[in-house]
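One structure below.
Please read all numbers here as calculations on a predicted model, not as lab measurements. Just so you know, ligand 1 is whichever comes first in the structure, and atom 1 is the first atom listed for that ligand.
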Amino acid sequence: MRLVVLVSGTGTILEAIIGAGVPVALVVSDRPCPAIERAETAGVEAVVVARENFGADFDRHAYTVRLTSLLEEAAIDLVAMAGFGTILAAPIYDRYAGRILNTHPSLLPAFPGWHAVEDALAHGVKVTGCTVHQATLAVDSGPILAQEAVAVLPDDDAASLHERIKAVERRLYVEVITRVMADQPVAAR
Ligand code: GRF
């Protein structure tokens, strides 16, 4: 099974996936970012499919078609988003239905969206966590495959809490991806 990891940021989860020995066929980002450098350092093929803009007139559909075509050309079977910063449109969810995974730094359905950690802190929750789920067209709401709780400590800020959550994501996401690649059952609701 050929896996692509989609990234936009620092790429520490990508690094954990590669470091665990999961075969990554390709890494794709939507912008130049440290994650691409991590892939190259690890000897994994890495491609930037750069967004033409980050404004309101961004053509999400055209971008998704470009990305999906690249994945098809690379004979990709399974897509794992790991901090990917572009919301994708229907074509990739049609082509890779049920074959797109995501990890999110909250216990979904609480705190969807890009600011999950800040939102959890602002809400004053005492426990948050991470969720590995199938990604669907509706953002952060696909079938949940795995979750794990992380305590919010009294002196946490967004950086310290996010780092504690990411430490769990690096293990939990690798476990789920490994099971999916081995065709082992992963409970979805
Ligand atoms: C993770 O918390 C992921 O859930 C979120 O972005 C973060 C990616 O971290 N969507 P990194 O770039 O792998 O360090």
Requested in this report: Give the residue, atom name and distance (to 0.1 Å) of the protein heavy atom nearest atom 13 (O) of ligand 1.
Outcome: I13 N, 2.8 Å
Query raised in the report: Does any non-hydrogen side-chain atom of D140 lie less than 4.5 Å from one of H133?
Result: yes
Requested in this report: Pull out every atom of ligand 1 sitting under 4.0 Å from any heavy atom of H162, numbered as shown with elements.
Outcome: 1 (C), 2 (O), 7 (C)
Query raised in the report: Under a 4.5 Å cut-off applied to non-hydrogen side-chain atoms, are V22 and T178 in contact?
Result: yes
Query raised in the report: Quick one: which ligand 1 atoms are inside 4.0 Å of a heavy atom on T103?
Result: 3 (C), 4 (O), 10 (N)
Query raised in the report: Is the closest basic N to carboxylate O distance between R171 and E148 below 4.0 Å?
Result: yes
Query raised in the report: For atom 11 (P) of ligand 1, what's the nearest protein heavy atom and its distance?
Result: T10 OG1, 3.3 Å
Report task. Considering the heavy atoms of P105, write down every atom of ligand 1 situated less than 4.0 Å from one of them. Result -> 2 (O), 4 (O), 5 (C)
Report task. Answer with yes or no whether the hydrophobic clustering places I177 together with I100; edges join I, L, V, M, F, W, Y residues whose side-chain heavy atoms lie under 4.5 Å apart. Result -> no
**Report entry** Any N or O of A82 closer than 3.5 Å to N or O of ligand 1
**Finding:** no
Query raised in the report: Does the ring of F54 carry R51 above it, NZ/CZ under 6.0 angstrom from centre and within 45° of its axis?
Result: yes
Query - Atom indices of ligand 1, in the order listed, that fall short of 4.0 Å to a heavy atom of H104 - result: 4 (O)
Query raised in the report: Looking only at protein heavy atoms, which one is nearest to atom 8 (C) of ligand 1, and how far off is it?
Result: G83 CA, 3.8 Å
Query raised in the report: Any N or O of R170 that comes nearer than 3.5 Å to an N or O of ligand 1?
Result: no
Query raised in the report: Hey, do the aromatic rings of H104 and F111 have their centres closer than 6.0 Å?
Result: no
Requested in this report: Please step through side chain to side chain contact (heavy atoms under 4.5 Å, CB included) for the pair V132 and E169, ending with a clear verdict.
Outcome: CA-CA 8 Å; V132 176; E169 292 187 274; over 6 Å; no
Query - Shared hydrophobic cluster for F58 and L88 (ILVMFWY, side-chain gaps under 4.5 Å) - result: yes
Query - Intermediate values then yes/no, side chain to side chain contact (heavy atoms under 4.5 Å, CB included), V4 and L70 - result: CA-CA 11 Å; V4 65; L70 179 94; over 6 Å; no
Query raised in the report: Has ligand 1 got any nitrogen or oxygen that is less than 3.5 angstrom from a nitrogen or oxygen of L14?
Result: no
Requested in this report: Mark up the atoms of ligand 1 that fall under 4.0 Å of a heavy atom belonging to G11, in ascending order.
Outcome: 11 (P), 12 (O), 13 (O), 14 (O)
Requested in this report: Using a strict cut-off of 4.0 Å, indicate which atoms of ligand 1 neighbour a heavy atom of E169.
Outcome: 1 (C), 2 (O), 3 (C), 4 (O)
Query raised in the report: Is the shortest distance from a heavy atom of E15 to ligand 1 less than 4.0 Å?
Result: no
